[in-house]
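Heads up, the thing below is written out as structure tokens.
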Amino acid sequence: MSGKPVKVLLAKKKIDVHGRASKLIARELRDAGMEVVYFRFGTVDEIVNAALQEDVDVIAVSIMTSGHLHLAENLVPALKAKGMNDVMVIFGGIIPDVDFEPLRKMGVHRAFPAGLPGSVVVDYINANVGKVGL
Amino acid sequence: MTASNQSKQFEAAVAAWHKGRERYASKLQAQSTLSGLPIKTVYTQDDVSQDSVDVMPGVYPFTRGLYPDGYVLTPWAQQMVFGYGTIDETRQKMEKMVAEGMEGYFGNNIFNVVYDIPCMYGIDADHPEAESNLGQCGVHMSTGDDYDELVRDWELEKSNFSMITGDNCLPALALLVAAAERRGKGPESLRGNSMNWYPRTAVQDIPSWEPRWGYALMVDLIKWATINAPAWNTTNIFMYGISEAGGTPVQELAYGLSWGKSVIDAGLAAGLDPDQFIGRLGFQIGCTVNLFEEVAKFRAHRRMWAKLCRDAGCKKPSSMHARVHCHTNGYVLTQQQLLNNNARITLQALAAALGGVQSIHTCSYDEATTIPTEESHRTALRTQQILMWESGVRNVADPLGGSYYVEKLTDDMEAAAWEIYNQLEAKGGYLRGLETGEIKRAIDGASYQMKQNINSGRQIVVGLNKYQSESLEQHEPFRVDMAIENKAKQRLAAYKARRDDKAVAASLENVARACEALKAGTGSLMPALIEAARAGATNGEMMVPMRAAFGWYVSE
């Protein structure tokens with residue numbers, strides 16, 4: 001990696017509630033030297049536009065109130081349509097593990113269960129950012 | 001045995017105790033509660049003040065419980081949260097839960113119905129942003145038809161409707177009042193609960209009203225219900241949200257009571273009589289797995305609230321009752337080794353019952369990963385029913401009262417909570433702390449600290465940072481059929497097609513005027529919302545003028 005910090009857009013879907021986990025992971029990514037754009041709530045278009053404008057390396061989506069499959073189904077094609085083929089997309093939160101594989105097939109690089117140390121996510125990003133594409 | 005003999009015997013026992021632990025005492029690690037209060041390895045009569053022990057259940061300050069005989073007269077209410085799909089699916093679930101034996105006090109019905117996120121924000125099924133959220137994490141209820149189906153055939157005076165709304169709290173109550181009227185019942189027949197929990201935005205990361213208008217709306221509902229629906233519980237002081245956001249049990253107490261004080265102050269400022277409205281405020285409190293700290297928390301909470309209510313001018317003992325619904329904390333559940341959560345939930349519910357709460361929601365073991373399945377939801381209900389009927393905890397009021405440890409911990413938690421409370425009050429109180437973000441920062445700091453403790457293994461979570469397993473759970477979650485989306489849209493379209501559009505439009509203009517009157521301090525909003533509900537306005541439609549008047553605010 002060059003000296004430039006990894007830039008992460010941390011988003012939640014447009015109407016979601018709770019913020020504990022997304023604030024924690026934002027802080028843990030920052031602790032690891034990453035630059036985090038804390039986007040809170042967005043529609044697919046809003047997330048894609050923010051990712052473009054901020055020129056992020058990673059889009060991390062925090063899920064609380066389900067809808068993750070629907071979101072991934074729409075988000076990944078929308079990113080491709082804007083030419084963001086090099087961005088890493090990861091999901092985390094209240095997601096049943098039987099959905100991890102369907103998410104992967106939709107183009108989400110990795111889904112993380114809740115509760116893990118942020119270092120697990122940090123290590124994954126550092127090992128794979130720039131090497132994966134949509 | 002004389003007192004002096006007794007004392008000599010105790011002194012000798014203490015000396016022998018010291019001797020017994022001489023070899024290893026210096027090696028024992030310091031212990032503390034989740035809130036960081038130090039705990040010793042043994043407690044004795046020397047730790048307990050006579051003041052704390054010279055009390056009875058059902059007597060001020062209610063440390064030992066609200067009622068003289070605890071749960072013996074009637075057990076706690078089994079107040080399970082549920083709601084998904086349209087009202088059709090949720091109505092079936094209501095009937096199923098009644099058949100499963102879910103009961104409130106004295107066998108009454110109790111329905112703790114959670115709305116979906118679009119309803120909470122105030123958008124109807126035909127709004128583009130509702131897509132993929134309809135009926136997902138709660139029921140979608142927006143029309144008069146929906147509310148008619150909610151209340152159909154239930155005996156209103158014996159049915160408790162607790163409505164877990166969001167910003168749509170006032171419109172939801174208006175829609176319920178109109179549905180009761182169509183059954184020939186006035187609002188005085190209504191039993192249940194409005195959340196009326198605007199102050200939760202101090203800790204939850206959600207957009208809502210501007211703070212001053214959030215409080216104005218809260219008081220408007222309280223004023224209306226105090227006069228028109230005196231059996232209705234107007235306000236839920238949502239301490240659960242404080243602990244779920246990361247607050248320690250002591251912070252939950254301190255900020256929760258400060259929140260309650262801010263509601264009392266707002267009501268008194270609006271000219272309400274303390275004995276008329278304070279007794280209709282209630283609490284929803286979390287409960288972690290940390291058994292004794294949680295029992296002490298519930299006991300300290302009752303005592304602290306009783307003092308605040310008396311200071312506010314309450315004269316009737318029942319006005320000083322901290323009536324508590326316990327929602328077992330969801331954040332303690334793990335996605336790893338899901339079934340372990342049943343053990344956690346059992347301990348949480350046990351702590352709540354030993355703590356003397358009035359009502360319990362037990363989480364389902366799979367909520368760490370999904371909306372609960374029918375089976376996991378039933379197991380959660382059965383967990384509290386086993387506690388109720390098999391464990392014997394309901395036989396004796398305040399069974400841990402007089403325990404040296406629990407009494408001392410109750411005192412210590414009260415003292416620690418008053419300290420935080422007094423600091424916040426000195427700086428202007430809860431509303432000010434909401435506006436400045438001070439409360440949220442304190443809670444976020446505690447949340448981060450707890451995460452660090454879990455990451456480092458200082459705080460053990462079985463299956464997560466100790467005794468891990470590599471395999472996935474492969475738990476098949478409850479899925480809400482996406483066909484629900486179309487069904488919700490069709491229900492809405494059918495309802496709108498039958499209405500008198502002119503009357504609806506006029507009623508909504510009236511709502512807009514009432515919003516301005518509320519802002520100017522010259523009028524009330526609830527009557528206009530009830531008029532609009534009678535005319536056929538939907539949840540989302542009533543929210544449009546409200547959003548225009550009261551703003552859109554994301555706290556820091």
Side-chain angles (χ1 to χ4, degrees), chain A residues 10-32 38-46 62-75 92-102 104 111-122, chain B residues 116-118 120-121 123 127-133 136-138 166 200 203-207 241 244-247 330-331 333-336 338 366-371 440 443-444 447-448 450-452 454-457 461 463-465 471-480 482 485 554:
Chain A
L10 186 58
K12 297 197 277 187
K13 63 183 178 139
K14 182 68 178 183
I15 50 177
D16 200 329
V17 287
H18 305 75
R20 179 178 186 168
S22 55
K23 282 189 282 191
L24 279 176
I25 192 68
R27 196 155 165 184
E28 290 186 296
L29 296 179
R30 283 183 188 133
D31 287 350
Y38 190 66
F39 189 59
R40 275 200 175 134
F41 310 99
T43 60
V44 164
D45 287 347
E46 287 165 349
S62 175
I63 295 285
M64 169 73 198
T65 55
S66 75
H68 45 280
L69 293 173
H70 185 82
L71 183 64
E73 209 170 21
N74 292 292
L75 178 64
I94 308 300
I95 304 171
D97 59 28
V98 291
D99 286 350
F100 288 0
E101 186 57 21
R104 200 187 60 77
F112 295 92
L116 298 177
S119 60
V120 173
V121 182
V122 168
Chain B
D116 70 1
I117 311 289
M120 289 190 183
Y121 275 77
I123 56 180
H127 193 288
E129 285 175 6
E131 195 190 342
S132 86
N133 289 294
Q136 279 287 335
C137 287
R200 79 193 185 287
V203 293
Q204 288 189 329
D205 233 15
I206 46 172
E244 277 296 292
Y331 83 83
L333 306 181
T334 66
Q335 278 182 329
Q336 296 76 16
L338 278 176
D366 55 354
E367 278 186 80
T369 183
T370 173
I371 304 165
K440 193 178 274 185
I443 305 289
D444 285 350
S447 159
Y448 184 69
M450 187 190 292
K451 186 76 194 300
Q452 298 295 97
I454 293 171
N455 287 351
S456 70
V461 183
L464 178 69
N465 64 8
S471 59
L472 293 177
E473 290 299 302
Q474 303 292 345
H475 175 73
E476 192 47 47
F478 182 82
R479 308 234 186 229
V480 179
M482 291 299 274
E485 300 245 329
V554 182

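Bear in mind the structure is a predicted one, so any value in this text is a computation, not a measurement. A note on names: the letters A, B, ... follow the listed sequences, proteins ahead of strands, and every chain is numbered from 1.
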*asked:* Counting only non-hydrogen atoms closer than 4.5 Å, does A:N74 touch chain B with its backbone (N, CA, C, O), its side chain (CB onward), both, or neither?
replied: neither
*asked:* My understanding is that only residues two or more places apart in sequence, or in another chain, count here; which of them pass salt bridge (Lys or Arg N to Asp or Glu O under 4.0 Å) with A:D97?
replied: none
*Roughly how far, to the nearest 0.5 Å, is CD1 of B:I371 from OG1 of A:T65?*
9.0 Å
*Do you know which of A:S22, A:G93, A:G115 has the most heavy-atom pairs under 4.5 Å to chain B?*
A:G115
*Value rounded to 0.5 Å, distance of CG in A:D99 from OG1 in B:T369*: 8.0 Å
_Report which part of A:L116 has an atom under 4.5 Å of a heavy atom belonging to chain B: side chain, backbone, both, or neither._
both
*Between chain B and each of A:I63, A:D31, A:L71, count heavy-atom pairs under 4.5 Å; write down the option with the most.*
A:D31
*Is it the backbone or the side chain of B:E244 that comes under 4.5 Å from a heavy atom of chain A, or both, or neither?*
backbone
*Please round to the nearest 0.5 Å and tell me the distance separating atom CG of A:L69 and atom CE of B:M482.*
9.5 Å
*Contacting moiety of B:L464, where chain A heavy atoms sit under 4.5 Å*: side chain
*asked:* If you count heavy-atom pairs within less than 4.5 Å of chain A, which of B:T370, B:L472, B:I123 leads?
replied: B:L472
*Per-residue contact mode, A:T43 against chain B (heavy atom under 4.5 angstrom)*: side chain
*Which region of A:L24, side chain (C-beta onward) or backbone (N, CA, C, O), has a non-hydrogen atom less than 4.5 Å from a non-hydrogen atom of chain B, or is it both or neither?*
side chain
*With only heavy atoms counted, which part of B:N133 is less than 4.5 Å from chain A, the side chain, the backbone, both or neither?*
side chain
*Select one option (side chain, backbone, both, neither) describing which atoms of B:R200 are under 4.5 Å from chain A's heavy atoms.*
neither
*Contact origin within B:M120 toward chain A - heavy atom pairs under 4.5 Å*: neither
*Where on B:Q335 is there a heavy atom nearer than 4.5 Å to chain A: the side chain, the backbone, both, or neither?*
side chain
*Residue selection (most heavy-atom pairs with chain B, distance under 4.5 Å) from A:G118, A:S66, A:S119, A:G67*: A:S66
_Counting only non-hydrogen atoms closer than 4.5 Å, does B:T334 touch chain A with its backbone (N, CA, C, O), its side chain (CB onward), both, or neither?_
neither
*Between B:P128 and chain A, which part of the residue has a heavy atom less than 4.5 Å away: side chain, backbone, both or neither?*
neither
*Quick one: closest heavy-atom pair of B:D205 and A:G19, and the distance?*
CB-CA, 4.0 Å
*With sequence neighbours excluded, residues passing salt bridge (Lys or Arg N to Asp or Glu O under 4.0 Å) with A:E28*: B:K451
*asked:* Does any backbone or side-chain atom of B:E367 lie under 4.5 Å from a heavy atom of chain A? Answer side chain, backbone, both or neither.
replied: backbone
*What part of B:Y448 is in contact with chain A, defined as an atom under 4.5 angstrom from a non-hydrogen atom: side chain, backbone, both or neither?*
both
*Yes or no on side-chain contact (heavy atoms from CB on, under 4.5 Å) for B:Q136 and A:H70, after CA distance, side-chain angles and deciding distance?*
CA-CA 12 Å; B:Q136 279 287 335; A:H70 185 82; over 6 Å; no
